[in-house]
Structures are given as structure tokens and as C-alpha cells.
> 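Pasting a structure below so you can have a look.
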2 protein chains.
Amino acid sequence: MSPKPADPAVRTGLIEAAARVLAEEGPKALTTRRLAHEAGTSTMAVYTYFGSMDEVWHAVRKEGFARLVAHLDATADLTDPVAGLAAGGAAYLANGLANPHLYRAMFLERHEGPDAGNDTFQRLVDAVRRCVEAGRFRQVEPIRSLGWAVQLWTMRHGMVSLAIAELLPAEHLPLHFADMSQCLFVGYGDDPEAARRSVDLAMRDHWPAEPANAS
Amino acid sequence: MSPKPADPAVRTGLIEAAARVLAEEGPKALTTRRLAHEAGTSTMAVYTYFGSMDEVWHAVRKEGFARLVAHLDATADLTDPVAGLAAGGAAYLANGLANPHLYRAMFLERHEGPDAGNDTFQRLVDAVRRCVEAGRFRQVEPIRSLGWAVQLWTMRHGMVSLAIAELLPAEHLPLHFADMSQCLFVGYGDDPEAARRSVDLAMRDHWPAEPANAS
DNA sequence: CATTGTTACACAACATTGTTATGCAAACTG
DNA sequence: CAGTTTGCATAACAATGTTGTGTAACAATG
């Protein structure tokens with residue numbers, strides 16, 4: 001009574017192929033036929049493992065979030081929480097710039113299904129809380145420190161978005177990021193000089209040398 | 001030898017119809033046939049007045065930029081340049097939130113042709129320079145004050161983008177915007193209390209009561 | 001081991017997209 | 001008024017996502 005079992009390798013192969021085509025040739029190239037051909041199968045496989053092309057995109061985004069989280073976790077675990085915050089931002093930027101099409105699919109398009117990118121935001125909230133607990137940021141009501149996390153996400157997302165849309169030249173991005181981070185961190189804490197040093201530290205030692213490929 | 005002249009009303013009608021369909025039903029609904037039907041003509045008209053659907057999108061973006069500029073110019077001409085900067089940001093946010101699909105087409109998608117959204121950026125640069133000249137922001141080398149404009153654009157664009165993607169609830173946006181603006185302005189100048197007052201003034205009196213429709 | 005039922009998926013058909021022929025009527029030129 | 005040039009309605013075409021149709025493979029059962 002049990003039929004031919006679904007091969008999970010086919011599914012992962014489809015996702016990998018989709019991610020590869022998306023990264024190399026952009027969203028217009030990611031069609032059913034192209035995807036099937038790239039994965040060495042037929043279009044029907046797409047519809048057995050995913051119900052529709054939308055589901056394929058959903059899976060690709062999920063994969064992208066996993067890669068982003070891995071990338072963020074790979075940042076050096078600095079003892080200075082403020083420097084760690086800056087380093088995390090730098091990693092976020094590098095990841096977005098290295099995978100523009102994927103970033104666009106993850107954060108720039110509207111989808112129906114509840115897409116959890118919020119996991120990465122939670123990390124940001126935690127990182128901010130660590131700065132507060134270490135006495136580097138002012139002790140404020142939680143709603144306000146959560147607002148700081150929102151502001152930092154706004155900065156990161158805004159810079160990546162503008163750079164991806166080629167509205168900002170990517171080569172000046174590190175400078176803008178450092179200046180803006182510093183300005184915000186100074187505002188969040190009571191020791192401007194310490195904030196400055198933390199950002200300098202993060203930018204000097206932990207800015208990804210080359211755009212990290214999201215493997 | 002001169003034939004039937006092209007009616008400019010048809011062209012503007014097509015652009016208006018395109019903008020309307022885009023605003024009401026999103027980019028997926030903006031198809032050639034739908035557009036032609038909506039404008040009371042046939043698909044061929046689209047190809048006589050615009051060479052392709054891409055050109056239609058280009059025209060829609062151009063229209064969107066014109067509306068945005070008009071919207072920004074409609075902000076009260078405050079004597080306080082810092083408050084004016086904040087009010088301009090509020091207008092930018094309101095415009096983006098009121099026309100999410102249009103904003104997406106203008107700033108969130110990549111296009112080949114050189115699309116000038118830079119006119120609005122120039123206004124931002126000028127507004128920052130006015131603050132410097134009024135002594136409200138520190139006197140720094142031009143490259144650095146231009147960086148401030150980039151930072152402010154990053155903030156505005158980041159907030160609109162996150163809100164449009166429904167990653168941030170829109171109701172808290174004014175609060176985040178005010179806090180972040182204040183933080184940055186304090187960092188740019190030497191008088192924190194004055195910066196605070198300017199932002200309060202702008203938010204109290206010049207936050208658009210209801211999302212301004214980009215008419 | 002043969003049978004049988006179920007499932008993966010290759011192949012081909014269908015609706016809808018942007019775009020391109022085709023044709024015709026209108027309007028300006030002479 | 002004749003001629004020609006252009007706007008645009010109609011219909012055809014390639015490529016898209018999706019859905020039938022059929023077949024082969026696999027597991028369970030006798």
C-alpha cells in the first residue's frame with residue numbers, strides 16, 4: 001500500500017538550485033522549467049515537493065534566513081558588547097551585499113504567509129539588552145530599549161536596501177555605517193568616548209574583509 | 001505627409017490608470033491588457049506611447065517622484081531648520097506609507113535606466129546644509145555633512161521599507177522616527193536640548209494627521 | 001513470488017503574460 | 001480631392017505558471 005517514497009534529496013536539490021539561479025541570474029531567471037532543468041528533473045517535481053512556485057520562494061527565503069543566522073553567529077564573540085553590536089551590523093551588511101537577490105526576496109517583498117525573519121531581530125534585541133546590562137547603554141524602560149533595536153535594524157536594513165538598489169555606492173558604506181552606529185551608540189549611552197572606541201574596534205578588526213558568500 | 005497626431009491625453013490617461021491600478025491592487029494587477037482596458041483603449045496604445053511595459057513603469061516612477069517632491073514642498077516652511085528637517089522626514093514617511101506599491105517601484109526595485117530619485121536626495125542635502133549654516137549642526141568638512149544626509153535618508157528609507165514589508169507595525173513608526181531623529185540630531189550638533197525641542201516641535205505640529213494621499 | 005494499490009514524475013495541454021504582425025480608418029499634406 | 005503616414009483595434013506568437021494524463025517504481029499483502 002505504500003507507494004514510491006519521496007526522495008528528500010530531490011527537494012533539497014531543488015532548493016539549492018533555486019538559490020543558485022537566484023543568486024547568479026536574479027529573480028526573473030527563476031522559472032519552473034529552468035528550475036526543473038537545473039535540478040535535473042521535470043516541472044512536476046516542483047509541484048510534488050512544493051505546491052506552487054510561491055512555496056518555492058518561501059523555502060528559498062527560509063534557507064536565506066538560516067544562512068543569515070549562521071553568518072551572524074559566526075561573528076567573533078567580543079567581550080565588548082557594544083563592539084559586538086557593531087560587528088553584528090557589519091556582518092548583516094556584508095551578508096546582504098553579498099546576496100542582493102536573496103536579501104530582496106527575504107526583506108523587500110511582501111508575502112502572504114507569516115515569514116519569520118523575526119528570529120534575527122530577536123538577536124538584535126538581545127544584543128542591545130546585553131549592552132544595557134553591561135552598563136554601556138542607559139537603563140531605560142524596556143519599550144525604549146526595544147526601540148533602540150528597531151532603530152538599529154532600520155539603519156542596517158536601510159543601508160542594505162539603498163545599496164542593493166544601487167542608490168548608494170557600496171564603497172562608502174562602511175564609513176556611513178561606522179559614523180551612524182557611533183552617533184546612535186553615543187546617544188544610547190553616557191560615555192561618548194567609550195562608544196567611539198567600541199565602534200573603532202569593531203570596524204578595525206571585524207569588518208568582513210571580502211563580501212562573505214552565504215554558503 | 002503628417003498623419004494622425006498622437007493625443008497626449010491618452011498618454012497621461014495611461015499613466016494615471018497605471019498609477020491607480022498599482023495603488024489599488026498592486027504590481028501583479030498592472031498588466032498590459034488591464035492597463036489598456038482601464039484607460040479605455042487597446043494594448044497597442046501602450047506600445048505607441050511607451051515602447052514597452054518597462055517604459056510604463058519608468059513613467060510611473062517619474063510621476064511618483066513628482067508627487068513626492070510636491071508632497072515634500074508642501075511641508076510648512078519652518079523657521080527652525082532642524083524642525084524643518086524632521087518635518088520633511090515625517091512627510092517622506094507619510095508619503096511612503098500612503099503609497100506603498102509606488103514607493104516600492106520607486107526605491108525598492110532595481111532598474112536599468114538611470115532613474116533620478118536623486119532630486120529628493122538633493123533636497124535633503126540642502127536641508128542639512130541649512131542646519132549647518134544656522135549653527136545648529138557642527139561645521140564639518142562637506143563630505144561629512146553629506147554623510148549626515150545619507151544617514152537621514154537611510155533612516156527614512158529603512159523605516160518606510162520595513163513598514164511596507166509589514167515587518168514593523170506602522171502605528172509605532174512616529175515614535176521610532178522621533179526618537180531616532182532626535183538621537184541623530186543631538187549627535188550632529190552641540191546643543192542637545194535644542195535638538196530635542198526642534199524634534200518635539202516638528203512632531204507636535206507637523207506630523208501629517210492622516211496618511212497624505214499622493215494626489 | 002505475484003498482485004495490487006499508491007505515489008513520483010515525464011509529457012503534454014491550458015490560461016495568461018508581454019510583445020509583435022496585420023489591417024484599417026483618420027488626418028494632415030500636396 | 002488623392003496620397004501617405006500614423007494611431008490603434010484585432011489577432012497571432014513565445015514564454016510563463018499551473019493542471020491533466022499516463023507510466024513506472026515501490027511497498028504491502030495474499
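Just so we're on the same page: letters track the sequence lines, and every chain starts at 1.
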> Under 3.5 Å, is there a donor-acceptor pair between the side chain of B/His101 and the main chain of B/Val21?
no

> Taking A/Arg129 for its side chain and A/Ser145 for its backbone only, find out whether a donor-acceptor pair lies under 3.5 Å.
no

> So does B/His37 have more than 12 non-hydrogen atoms from other groups sitting under 6.0 Å from NE2?
no

> Before accepting this row, confirm whether a basic side-chain N of the pair B/Arg61/B/Glu109 lies closer than 4.0 Å to the acidic partner's carboxylate O.
no

> Quick one, which residues of residues 32-56 of chain B touch DNA chain C with a heavy atom under 4.0 Å?
B/Thr32, B/Arg33, B/Met44, B/Tyr47, B/Ser52, B/Met53

> Parallel, tilted or perpendicular for B/Phe107 and B/His157, by the 30°/60° rule?
perpendicular

> Hey, where does DNA chain D pair up into stems, meaning at least three consecutive Watson-Crick or G-U pairs with distances under 3.5 Å?
C:1-30 with D:1-30

> Please step through side chain to side chain contact (heavy atoms under 4.5 Å, CB included) for the pair B/Thr154 and A/Thr154, ending with a clear verdict.
CA-CA 8 Å; B/Thr154 297; A/Thr154 297; over 6 Å; no

> Just how far, in rounded Å, is P of C/dG18 from NZ of B/Lys28?
10 Å

> Tell me whether the rings of B/His176 and B/His172 are parallel (<30°), tilted (30 to 60°) or perpendicular (>60°).
perpendicular

> Salt bridge or not between B/Glu16 and B/Arg20? Use side-chain N to carboxylate O under 4.0 Å.
no

